[in-house]
Amino acid sequence: MAVDVVMPQMGESIFEGTITKWLKKAGDKIERDEPLFEISTDKVDAEIPSPSAGVLKEIKIAEGQTVPVQTVVAVIEADGAGARSAAPSAQAPASAVAKAEALEGGPAPAGVEAPPPDDEKAAPGPVPTKSDPQGQRGAQKTAAAAPAPPRAPDAKTASSAPPAKSAAADAGSREKVRSSPLVRRLAKEHEVDLTQVPGTGAGGRVSKKDILGAIEGGGARTEAPSTAAPAAPWTAQPSVGTPAARATIESAVPREKIYFGKYDVQPMSVMRQKIAEHMVLSKRVSPHVYSVDEVDMTPIASLRAKSKAKFEESAGTKLTFMPFFVRAAVEGLRAFPTVNASVDGTNVVLHKECNIGIAVALDWGLIVPVIKNAEEKNFLGIARSMNDLAERARSKKLKPEEVAESTFSITNPGVFGGLFGLPVINQPNVAILGLGAIEKRPVVIDDAIAIRSMVYLTLSYDHRVVDGAIAHQFMAKIKHTLENWTESIL
Amino acid sequence: MAPVTMLEAIRQAMFEEMDRDPAVVAIGEDIGVYGGAFKVTEGLLERFGNERVIETPISETAIVGAACGMSYLGLRPIVEMQFIDFIACCFNQVTNFVAKGHYLWGAPAPMVIRGPSGGGVHGGPFHSANPEMYFAHTPGLKIVYPSTPYDAKGLLKSAVRDNNPVLFFEHKFLYRRVKEELPTDEYTVPLGKAVTRREGRDLTILSYAAMMQTSLDAAAELEKEGIEAEVIDLRTLMPLDKEAILASVKKTNKLLIVHEDTRTGGIAGEIASLVCENAFEDLDGPIARVTSLDTPVPYAPTLEEYFLPNAAKVAAAARELARY
Amino acid sequence: MSPSSNGAAVAPVTRQQCLDLYYYMRLNRAVEDQMMKLFRQNKIVGGLYSSLGQEAISVGTAYALEKRDWMAPMIRNIGALLVKGVKPRDIFTQHMAKFTSPTQGKDGTSHFGDLKNLHIVSPISMLGDLIPVMTGVAMAGRYLGQDIVTMTWIGDGGSSTGAFHEGLNLAATQRAPFVLVLENNQWAYSTPVSRQVPVRDLAERGRAYGITSVTVDGNDAIAVFEASRAAVAQCRAGNGPVLIEAKTMRMKGHAQHDPAEYVPKAMREYWEARDPIVLFEKYLNANKLWDARAKQEIEARIAALVKEDLEFAENSPMPPAELAEQGVYCEGCHTIEAEWHRPKAEVTPPKSSVAAGWNVKDFGGIENSATGGNGASARPAASPMHLSAGKAVQKSSGGLAQQSSSPKKLAQQSSSPKKIAAVPERRPFGRGPKGKKGGGR
């Protein structure tokens, strides 16, 4: 007969626990009181003994997942039942391996290898059970889990697992998992992997309640429709289904060390979660090196001052400094194609187009709309594109394809003050240009002191493919273009 | 105004329609001096006279045929079947003459055939019929089967005014058992529209006639267990209010159909098909039904009780569906 | 020509009427001949039925109706349709299932009607159902003050259906102004009438319901017409329904597919000598009611009409496929209004109010019945009404002399019709409009 194994309550005020390790796998025999799994809670970590002798029939909650106390985390077929292969069938053994890999933090073979940029299609959806297997709680929990045991075999065999390709696999898994027409439709619409959703319906099927919980818990949208920009700012965001991505949201200290004194807890919005994941991943994947230079912007500043009104009148859009930097960057990228690339394992993918991502600060976060084919646009074209994208970024009207497929990015921390910044590379680019504030400073020209409008530029670059020499030459090209501006802006 | 029974409501409808339009006449067995086997037509003869309250021999074919002929001249006869079971005697007239005239040769038959229907009153196999599906299967007929006095009155008035032949089934179990206050102002209830008797979110119970009350009783039971059933009264079986059915299925994602008619060939099968065709991906569970057995209506009370649905059976089916 | 049974003079059939009768009979046959050819050319959809040899009945009976009267023909009453005003093209297109047919191809043969203008009710294929329907039409017409008479036909076979009996019973109890023409053409499909009905004269069936019943020579157009005229007059006078049994013979099979080899040769020959059109031509000649030119003119008129309408029918399209979905319900396509020929106030309160109660005069005991105490007296089963049953009508036909159903054994079985026709216990539905003479007996 089936015996449920539940998450124990380790203390009066404890209401949840995290499974840190399964000591047995499905199909193993187990004795009464034999250690079965390890948990971590706010107060204490513990090893939990088996409540029954028999065979471990099914593991319901994977390592790394946090569930409320009393949740059924496994099922034992008590005494007399033969050692069957467990419910999630033959995928179980592989899952243990994948889990181990994921925990070690190395990128699983799938995951980060050049996931196609429009993975998410700005869908807020693809977050199966990341944080909420029970479908009850919001995005509050930072589930530091490798959630996808059955995925690993897919990941191993397929080169990468973009949702687009895995749709077929998903369809298959939708059929294999007991659910209902409604559930399958919702899973498809929200790109939820049904194999990830624990079922509480009759016979363990995935019910409407379960799928709605998975959708809500995993990809809780704020209010905007799914095509709105805030949902998926990072073009390079790897498929959130991959183990590596999961592993980025982890804590450096035990959780109880965070909660002390008075505090408010604010659940991360989806955008924030994605930013967090991306930053960790980018730093982990790309060895960042920084190069700083300063540029005399005086000629451009005076050109701008002179032409501002005329430009705005004839072009119908504002004249900022940004288009100058973008145009200069394009010149630099033309001259040094390695900086306009991505890395795929041992291949360097040299992009032929210059799609410049421009980081836009929003009240609620950060987004990087992309000027596509900047190499074909003139100054006016760049100015227009930029202003349009920035404006639509703020009004949440960006389309998914407009925040994807960048090849190089520019960010402007100088706008908020400070001399210069050291930005994080926007994956899968290999470099990002940071702009400082444009300020008047005394400089030496021809042995005399002059007051010039100066700006510090920083290039953060990925030292896997961009070496210092290239980086500096690239920067020099930009500096030269800016300081010797010739292109007509009108 | 005091609450009235369904029977009284039906009588009011007939009075009002016959007052309103002298083209409306009543025809049937024993409907005049006696006032009808169930007294539905009591008082009609005194008020409207022999020309308009026509008492006939025991000849269902002739009665329906004559009513059909009258309707060709623009009269709107209300035919009473003494028990709806006897409509089997004029099946040919109803299905081949009355139902087909408009489609075949442009002759609408604006008549109503009404009669006491349904079981649960120890009426036995020939006085307890629910024959709606023979006629739902016949294109050209409209079928109405109300569950409340308000609806009975409003729907009968609409039926009389409809240009199409309408079969108006009156559940005899409900005749005197349901009472409600009716508006004093003139009102009608449109044909072809269901009504939600109870809002819910866990599952939809679809029913009509006497089973409507049964379903509401079951829903009350279920509420105690935390299951919120949405209960919908079809009221008109033909044409079905497809929009209402589908909207509720889309809302609750689970459907239970309850009817007193026998199982095979009952309208639940038809509705289940309809839902699968139009809202398959809104279903979170199989479509369930609670019906009478596939037998003639038995006579002994113990047998009849076993034969019929009841609130406990409905609640059990709903529970199982909710749990799925 | 013949005095009515109450002795009052009945107008003789005029020459024009005779010519009309001939015209319609000839047209009837010409239309059916044409359709037989169309059938063999594969242009008729479904079956084809022939009324060969029965034209005098269809035409003679229908000709007695007024424009405002209603009729419901059966498949062998094309002649009646033509008399009522239906064009041959409507009959052709119906049989050819064309879009231009009165039913737009939805039904065939004579299954069509016209409520508004010609007052024709369509039959269905089941037999006998027209009887209660036309009874209802008659009842409604009387109720509305329209002074109409309704007429339909039934065969010897159809007279065995439940609908026939229920309908006739209802018509009788309601004293509906309704004429039922029973065409005894000796055969119901392949079964001879002697196997279908236990009486020789089907008029007996009418007498069983206490209504006026007559038997006529169905191949004698004048006799048929006169009987019909009298029947219609009786109905209009409010004296209740009339059954006319017309004896004839179906000269072809049940339908085109039926060669009717089951008909004995001698029987066929007997009736071939009694072709109604041939007989009528002889009559017209003998009474010098026409000449060769008049005949030829009629022929030409018919030929031209048939040709023109045939062309129209053949050139008509079939109905579009989507039509199949349309028309199940009437959702506003018809405005249904009764035509009132009397003040509505008469049938609305307070004028309509009555005291509810029964006035039962005959308590129903055995001492009052016809067969009486010793039950030996045999009474002739004579018709209680104006027309005497089974009067020999047309001498020149030389046919069978029609007698009343005289076998003594039959008379014993029935109670006196006079008794039944005595003061009804209660005024039945509708004496007709108030003030009308002759209402309710």
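Throughout, a chain's letter reflects where its sequence line sits, starting with A, and its residues are numbered from 1. When reading the values below, keep in mind they use all heavy atoms of this one structure, side chains included, and skip hydrogens, waters and symmetry mates.
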Please walk me through it: do B:Asn96 and C:Asp129 pass side chain to side chain donor-acceptor pair (under 3.5 Å)?
CA-CA 10 Å; B:Asn96 283 319; C:Asp129 291 275; over 6 Å; no
Approximate separation, where rounding is to 0.5 Å, of C:Ser353 OG and B:Glu46 CD:
8.5 Å
Are side-chain heavy atoms of B:Arg76 and C:Ile336 found at a separation under 4.5 Å?
yes
Honestly, the part of C:Gln326 sitting under 4.5 Å from a heavy atom of chain B is backbone
Please state whether the side chain, the backbone, both or neither of C:Ala172 comes within less than 4.5 Å of a heavy atom of chain B.
neither
C:Ile148 versus chain B, heavy atoms under 4.5 Å apart: side chain, backbone, both or neither?
side chain
Please tell me if the side chains of B:Pro22 and C:Tyr143 come closer than 4.5 Å, counting only heavy atoms from C-beta onward.
yes
Can you check whether B:Ile63 reaches C:Leu170 side chain to side chain, under 4.5 Å on heavy atoms?
no
Set out, in order, the CA-CA distance, both residues' side-chain angles and the distance that settles side chain to side chain contact (heavy atoms under 4.5 Å, CB included) for B:Asn163 and C:Thr335, then state yes or no.
CA-CA 8 Å; B:Asn163 279 359; C:Thr335 311; over 6 Å; no
Distance in Å, C:Thr103 OG1 paired with B:Trp105 CH2, rounded so as to fall on 0.5 Å steps:
11.0 Å
Check the pair B:Asp19, C:Thr348 against side chain to side chain contact (heavy atoms under 4.5 Å, CB included), reporting the backbone distance first and the verdict last.
CA-CA 7 Å; B:Asp19 262 337; C:Thr348 45; over 6 Å; no
B:Tyr72 vs C:Val133, test: side chain to side chain contact (heavy atoms under 4.5 Å, CB included). Steps then yes/no.
CA-CA 9 Å; B:Tyr72 289 160; C:Val133 171; 4.1 Å; yes
Between B:Val25 and C:Val347, is any pair of side-chain heavy atoms under 4.5 Å apart?
no
State, yes or no, whether a side-chain contact exists between B:His102 and C:Cys333 at a heavy-atom distance under 4.5 Å.
yes
So which heavy atom on C:Ala140 is nearest to which on B:Leu75, and how close?
CB-CD1, 3.5 Å
Do the non-hydrogen side-chain atoms of C:Tyr329 and B:Asp162 ever get within less than 4.5 Å of each other?
no
Kindly determine whether C:Val354 and B:Arg47 satisfy side chain to side chain contact (heavy atoms under 4.5 Å, CB included), including the steps that lead there.
CA-CA 7 Å; C:Val354 296; B:Arg47 185 166 178 79; over 6 Å; no
